[in-house]
Amino acid sequence: MEIRPLEREKMVFENGAYGQRLLPWAALNAPFEGAWVTVPAHGATGAHSHHEYEIFIAVSGEAVVETGGERRAFRPGDIEFHAPGTEHRILNDGAEDFEMYAIWWDADMTAKFAARHAAQPSERAGV
């Protein structure tokens, strides 16, 4: 078993939120990358878009997700998807921090995963 700990004291503040990249991780061959994100109370991330696909998984607190000009409540357990090139941001008007996990991927990450997977000995023998 391996656990990659969240190190809140080392989280970096950028684009209106604190974050720590937890993936990539040498112990995990994954076709995606990910980060823990905290949007401070009464804060917001900057609106942005990128070439990757992305999902946000709300973990704690409440916020509003704005995608393509549309706003919706975003609460723990909710998952939100962004297609490449879609402008999005998180708005936290609440008195508590909002925490979520972001996962993103693109064709290049998928191809690199497939190559690493093909090079690894099968760990699924007998499954």
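We're numbering straight along the sequence, starting at 1.
By the rule that hydrophobic residues join a cluster once side-chain heavy atoms approach within less than 4.5 Å of another member, Phe13 and Leu91 end up as members of separate clusters. Linking ILVMFWY residues whenever their side-chain heavy atoms come closer than 4.5 Å, directly or via other members, places Val59 and Leu23 in the same cluster. Grouping the Ile, Leu, Val, Met, Phe, Trp and Tyr side chains by contacts below 4.5 angstrom, directly or via other members, places Tyr101 with Trp25.
Residues Phe56 and Ile79 form no side-chain contact, since every pair of their non-hydrogen atoms from C-beta on lies 4.5 Å or further apart. Val37 is not listed as a side-chain neighbour of Glu99, based on a closest heavy-atom distance of 4.5 Å or more. For the pair Pro24 and Glu33, the minimum side-chain heavy-atom distance is below 4.5 Å. At a threshold of 4.5 Å between non-hydrogen side-chain atoms, the residues Arg71 and Val65 do not count as touching.
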If you apply the rule side chain to side chain contact (heavy atoms under 4.5 Å, CB included), what do you find for Ile57 with Met100, and how did you get there? CA-CA 5 Å; Ile57 304 168; Met100 66 179 199; 5.9 Å; no
Apply side chain to side chain contact (heavy atoms under 4.5 Å, CB included) to Glu54 and Trp105, showing your working. CA-CA 7 Å; Glu54 185 172 44; Trp105 66 96; 5.7 Å; no
side-chain hydrogen bond (donor to acceptor under 3.5 Å, both in side chains) between Glu87 and Thr67: does it pass, once the steps are laid out? CA-CA 6 Å; Glu87 188 172 88; Thr67 302; over 6 Å; no
Test side chain to side chain contact (heavy atoms under 4.5 Å, CB included) on Trp36 and Met11; report intermediate values, then the result. CA-CA 9 Å; Trp36 186 267; Met11 291 175 74; 3.7 Å; yes
Applying side chain to side chain contact (heavy atoms under 4.5 Å, CB included), run through Arg21 and Val12 and close with a yes or a no. CA-CA 9 Å; Arg21 280 188 150 203; Val12 176; over 6 Å; no
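Between Arg72 and Glu70, at least one side-chain nitrogen of the basic residue sits less than 4.0 Å from a carboxylate oxygen of the acidic one, meeting the salt-bridge criterion.
The closest donor-acceptor contact from the side chain of Arg89 to the backbone of Val64 lies at 3.5 Å or more, if one exists at all.
No side-chain donor-acceptor contact under 3.5 Å links Asn92 and His42.
Residues satisfying the ring pair (Phe, Tyr, Trp, His ring centres under 6.0 Å) criterion with Phe113, sequence neighbours excluded, are His117.
Between Phe32 and Tyr53, the ring center distance fails the sub-6.0 Å criterion. Centroid-to-centroid, the aromatic rings of His82 and His48 stay 6.0 Å apart or farther.
Using the six-membered ring where Trp is involved, Phe74 and Phe98 have ring planes that are tilted, between 30° and 60° apart.
Here the shortest heavy-atom pairing between Asp78 and Ala73 reads OD2-O, 3.9 Å. Contact record, Gly61 with Pro76: O-CD, 3.1 Å, taken as the closest heavy-atom pair. Closest non-hydrogen pair, Pro40 versus Gly16, comes out as CD-O, 3.5 Å. The shortest non-hydrogen separation linking Pro5 to Leu22 is O-CD2, 3.9 Å. Between Val39 and Ala17 the shortest heavy-atom distance is CG2-CB, 4.1 Å.
With rounding to the nearest 0.5 angstrom, the CD atom of Glu80 is 8.0 Å from the NE2 atom of His88.
Counting non-hydrogen atoms of other residues, nucleotides and ligands closer than 6.0 Å to CD of Glu7 gives a total above 12.
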